[in-house]
2 protein chains.
Amino acid sequence: MPSERTMQTSVAAKPIVASAPRPPRAAVTGRSAWADALRMMGATIAYSRNEEVYGEDEPAEFVYLVTSGAIRTYKLLSDGRRQIAAFRLPGDIFGLEAGETHAFTAEAIADSSVIVVRRSAVLAHAARDGAVARDMWAETARDLGRAQDLLLLLGRKSAQERVATFLLEMADRATYGGAIELPMSRQDIADYLGLTIETVSRTLSQMEHAATIALPSCRRIELRNRPLLSRLNS
Amino acid sequence: MPSERTMQTSVAAKPIVASAPRPPRAAVTGRSAWADALRMMGATIAYSRNEEVYGEDEPAEFVYLVTSGAIRTYKLLSDGRRQIAAFRLPGDIFGLEAGETHAFTAEAIADSSVIVVRRSAVLAHAARDGAVARDMWAETARDLGRAQDLLLLLGRKSAQERVATFLLEMADRATYGGAIELPMSRQDIADYLGLTIETVSRTLSQMEHAATIALPSCRRIELRNRPLLSRLNS
DNA sequence: CGATCGCTTGATTCCGATCAACAGGAGTGG
DNA sequence: CCACTCCTGTTGATCGGAATCAAGCGATCG
């Protein structure tokens, strides 16, 4: 049960930050033409920890590109059970919808900066330039691919396997100085992996005892036996 | 553990069927301009029960439109655990990838007919016509939306809730004469819902005893208390 | 008609959830 | 500065829902 659900939504009212803090990784360099285009077109907005970027079923007015921090996108059941569909880290795009409304809620995990572009402007751009349209499609397809990998994890993997997969994913996305730097809490990890906070904690402790990982602090993880984790990843 | 994994793949070698059997539902009428375009451009191919349409990681050469029968798309873990990502029924499009290879395996659940179009032809068409490009994107986004709903189901719902969600989904997609006509086996349902075959069977039996549903035969289900199912669907 | 396959049902097990206690920081205010 | 609370994470004990193991049943098919 996530109990922090009362933050303002106002995008328009947010202060525009002139110089966004540099992302810690190489994500600043454009991965695609249209991500660069977003950087050119957009204004930077800062969100503080646990602040909502947009809510499920709200009109999809903007597209977002993370420049620093981390965002979670999730769905809720009526009784508060939560499933996080994705963590968006610097360089990631989110909020791009084919429909008129957002399919899930987006919240800042930590203090974050994002570049915001009007959806209508992006769509107009895509209509004019076929390459942009294709990039947009490719982005959505990548999201779909990640969602499908997560389906396999949630439907068929054990707790150990889930955590192993998560660690390998984060090692690719958020390594800094040889260790994974987690921006998210145990609760976020649990809601991403379809587990409870206790199971995540226990599994990490077991892996530490087995010397598969090291836990210098609870937000910092070093992989000590990557082959073993890869095997668990199947 | 699915034990039927040895079927030929050859698309090129398949016999072209002149007149595809009529789909049982209204799916023949075009839902989108580009689905109609696929119908114009493509050749019809028949697949028999359990035959593979394409395998994971194979080059994505074709795009498919189901005209009769049903297709499952899934991923496997190395030890055979299976997660079905989607059931494709008449009117559905599948196999459209942004990358060069297929992200999962597609197999016929029952004897099926599909219209096949070269991916390159579809992409060329999209490059020429912005509306087609947009339809392609919308199709991928719809898939993504369905995948995200499934994430919530697999990550956070109980067995009862999963089955209820499945029944409501199938009621929308495969109702015929007031009852759901299931094209797939219990094993397929289990691998879609992240459960075992026994749990699916038991849950359906419980629902029958509670008069929530009726089971005239094991492939035929009538919903007797839809509000209750909707409540379970959250 | 026997054999196989798909489904159901029962008995038991086990993994992860739940309940509960506690520890270590971070932030707050005196 | 310290006492206080709040918050996050860890660990232990117990529980429970779904998995697993095991028959048995009915339909289809050679």
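The figures that follow rest on heavy atoms only: side chains count, while hydrogens, waters and symmetry mates do not. Residue numbering restarts at 1 for every chain, and letters A, B, ... go by the order of the sequence lines.
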Rounded to whole Å, please give me the gap between [atom1] in [X] and [atom2] in [N].
X	N	atom1	atom2	value
A:L193	C:dA17	CG	C1'	15 Å
B:L182	C:dG6	CG	C1'	14 Å
A:K157	C:dG16	NZ	C1'	18 Å
A:L154	C:dC15	CG	C1'	16 Å
B:R81	C:dC15	CZ	P	13 Å
B:R162	D:dA19	CZ	C1'	12 Å
A:I197	C:dG16	CD1	P	17 Å
B:R156	C:dA17	CZ	P	7 Å

Look at [X] and [N] and indicate whether a side-chain polar atom (N or O) is within less than 4.0 Å of OP1 or OP2.
X	N	answer
B:T199	D:dA19	yes
A:T196	C:dT18	no
A:R49	D:dT8	yes

#### Entry: Side-chain donor-acceptor contact under 3.5 Å, B:E198 with B:S201
no

### Task
Look at the side chain of A:E198 and the base of C:dC19, then say whether one donor and one acceptor between them are separated by less than 3.5 Å.
yes

### Task
Go through the N and O atoms of the side chain of B:R202 and the base of C:dG10, and report whether any donor-acceptor pair is under 3.5 Å.
yes

Minimum-distance nucleotide to [X] side chain [options: [options]]:
X	options	value
A:S201	C:dG16, C:dT8, D:dT11	D:dT11
B:R219	D:dG9, C:dG10, C:dC7	C:dC7
B:S158	D:dT10, C:dG16, D:dA18	D:dA18
B:C218	D:dT10, C:dT8, C:dA11	C:dT8
B:R186	C:dT8, C:dA17, D:dA18	C:dT8
A:S185	D:dT20, C:dG16, D:dG9	D:dG9

Should the pair [X]-[Y] be classified as a salt bridge under the 4.0 Å nitrogen-to-oxygen rule?
X	Y	result
B:R49	B:D111	no
A:R88	A:D143	yes
B:E181	B:R173	no

### Task
Check the angle between the aromatic planes of B:F87 and B:F166 and answer parallel, tilted or perpendicular using the 30° and 60° thresholds.
perpendicular

### Task
Indicate, with a heavy-atom threshold strictly under 4.0 Å, whether A:L195 touches base, sugar-phosphate, or nothing.
sugar-phosphate

